[in-house]
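Notes follow the structure.
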Amino acid sequence: MGHDLDDYCAANQPRFVDELIELLRIPSISAHPDHAPDVRRNAEHLAAAAREAGFSTVEVVETEGHPAVYAERMVDPALPTVLVYGHHDVQPADPLDEWVSPPFEPEVRDGKLFARGAVDDKGQVYMHLKAVEAHLRTRGELPVNLRLLVEGEEEVGSSHFEQLVADLGDRLAADFAVVSDTGIFARGVPSLTVGLRGLAGVEVEVRGPSLDLHSGVFGGAVQNPIEALARMLASLKDPATGRVTVPGFYDDVVEPTAAEREGYRSLPFDEAAFRATAGGIPATVGEEGWSVLEARWVRPTLEINGIWGGYQGPGGKTIVPAHAGAKITCRLVPNQKPEVIANLVAGALRAATPPGVTTEVTARGGGSPVITPADHPAVRAASRAMGAVFGVEPVIIREGGSIPPVEVFQRVLGMQSVLVGVGLPDDQIHAPNEKFDLDHYAMGIRILARLWDEVAKEPA
Ligand code: BES
Ligand code: MN
Ligand code: MN
């Protein structure tokens, strides 16, 4: 079974690459207001590609933010119905001068396709279109009913997603969802992801004098906002244990079971390879008592993502700056809630504010952590499809990144998701020189094509 699909995919792979390259030329950066027309153009391009692949109903759906694409091919009400989710927006591409080839001029080097969005997530969405095309061109019909929802705001927090889900109503009715926006554990070690962390963000602004002051005339008598901010930020973590010191931060954390931890210990984790993909760091850090994998998958974090204040130009400038600020995000694990954690962090920052300055904290949108069932029939179907194509049975893992819609499907629609992604740890997502290994792109298409056969065999 599946050879006809494999043959079709092999024969058409060069075209599958060329088509993806056209989609990757569109700079659909959701974070930049200037690129809003590009995000729309991207949605329209993708909608046309979905029609071309054989989806029968295709629509660009408006939201309060960037548009999404909805498509469906309903074959027979007696067949299982699957909702495929992905996103067509991408992260900003800067720093531009670190790209070997420009981020929106896709280039193949050494069997890898380099472009922003190559694997996160345009390439993996495109795998779904080509898997559908393979079924329709070889057999004339799909063995399942498919609905496709491709969002345009995932990289900026999916803030209009719940409204979009409400607007689409019955059109999202399905037995389960399939999401291809993750990676595998390592090259040659396929995996299925059953957990994603959530995200909570705050922005902090520390204000002192109403203007920058001469540091000789005023320094020594005026609280320096950058120094105050540095102390406040440093107080949020205990350097000896690596634990976050924010009161209540760990209260809602559900720890993994002993069996789950044992499973992680048996994975072929290569610390040196991890340090290499982490930009060549000389050592890892972590929270006392937890491994590197656990620190990234099952433990919450607090990260400073950006910091500003004072003079940054050439030469020196002797001032006490008027203000300083920072952006902070926390990765969350079940059952932490984004609003609760943002409030706790804000409270800790206010409490740590020294005399002579004021602190203003604003919460930024986030998303909730989610665990998906490892024993769902659709996970078994995905496991067979992956095993057949990789030639090795996939292992079960969690990931540290966030895909807020997966939790929305679970909470709002009562729908479970199967996370079937084929990215690699060295794909440099969100970073310069993002790439998608073309053999993984090809295998991803074959896996998804086979998945629909497997789902038809074992309905959820
Ligand atoms: N595809 C990623 C999430 C991801 C990355 C999952 C690696 C598993 C492994 C997604 O596009 C992403 O980057 N999400 C953001 C969400 C945020 C903006 C709310 C993230 O994790 O930072
Ligand atoms: Mn993604
Ligand atoms: Mn991303």
Side-chain angles (χ1 to χ4, degrees), residues 24 28-32 39 42 65-66 68 84-93 103 115-128 149-162 178-186 191-202 274 277-278 293 296-298 300-303 305-306 327-333 336 338-339 341-342 363-372 396-408 417-432 434-436 440 444:
L24 292 171
S28 56
I29 304 167
S30 49
H32 279 320
V39 181
N42 195 67
H66 299 294
V84 170
Y85 164 87
H87 62 93
H88 68 85
D89 63 323
V90 300
Q91 287 271 320
R116 169 59 84 234
V119 68
D120 184 13
D121 183 29
K122 291 181 186 180
Q124 300 209 73
V125 167
Y126 222 81
M127 296 185 317
H128 278 283
L149 178 59
V150 188
E151 195 201 349
E153 302 192 301
E154 198 273 347
E155 298 291 11
V156 286
S158 302
S159 50
H160 304 102
F161 193 73
E162 285 199 50
V178 169
V179 179
S180 301
D181 192 24
T182 52
I184 64 167
F185 185 73
S191 51
L192 285 160
T193 300
V194 298
L196 296 163
R197 291 194 289 189
L199 194 74
V202 301
F274 172 74
T277 59
L293 289 181
R296 295 162 54 213
W297 294 350
V298 302
T301 65
L302 183 148
E303 298 291 344
N305 307 120
K327 289 180 194 282
I328 301 169
T329 52
C330 297
R331 291 287 165 173
L332 312 181
V333 299
Q336 290 177 300
E339 319 76 54
I341 295 298
R364 303 172 61 88
S368 293
V370 65
I371 299 283
T372 59
I396 296 288
I397 64 168
R398 290 205 214 174
E399 291 254 37
S402 309
I403 310 174
V406 174
E407 189 271 339
V408 174
S417 297
V418 190
L419 307 175
V420 194
V422 294
L424 283 167
D426 67 353
D427 282 346
Q428 304 197 183
I429 58 174
H430 295 202
E434 176 180 351
K435 56 88 176 163
F436 196 0
H440 272 224

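Whatever order the structure lists ligands and atoms in, that order sets their numbers, starting from 1.
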Checklist outcome for this item: Looking only at heavy atoms, the pair that brings E155 and S30 closest together is CB-OG, 3.9 Å
Checklist entry - Given atoms OE2 of E155 and OD2 of D120, what angle do they subtend at the Mn ion (ligand 3), to the nearest 10 degrees? => result 90°
Checklist entry - How close do G444 and M127 get, heavy atom to heavy atom, and via which atoms? => result CA-SD, 3.5 Å
Checklist entry - Are the side chain of E399 and the backbone N or O of G183 linked by a donor-acceptor pair below 3.5 Å? => result yes
Next on the checklist: Rounded at 0.5 Å granularity, tell me how far CG in N42 sits from CG in D89.
Outcome noted: 8.5 Å
Item to check | Pairwise side-chain contact, L196 with L419, heavy-atom cut-off 4.5 Å (strictly under) | outcome: yes
Checklist entry - Hey, is the main chain of A431 close enough, under 3.5 Å, to the side chain of R116 for a donor-acceptor pair? => result yes
Checklist entry - Restricting to N, O or S atoms of H430, which is nearest to the Mn ion (ligand 3)? => result NE2
Next on the checklist: Of all the N, O or S atoms in H87, which has the shortest distance to the Mn ion (ligand 2)?
Outcome noted: NE2
Item to check | Under 4.0 Å from ligand 1 - residues by heavy atom, chain and number | outcome: H87, D120, E154, E155, G157, D181, T182, L199, R331, E399, G401, S402, I403, P404, I429, H430
Checklist entry - Are the ring centres of Y126 and F436 closer than 6.0 Å? => result no
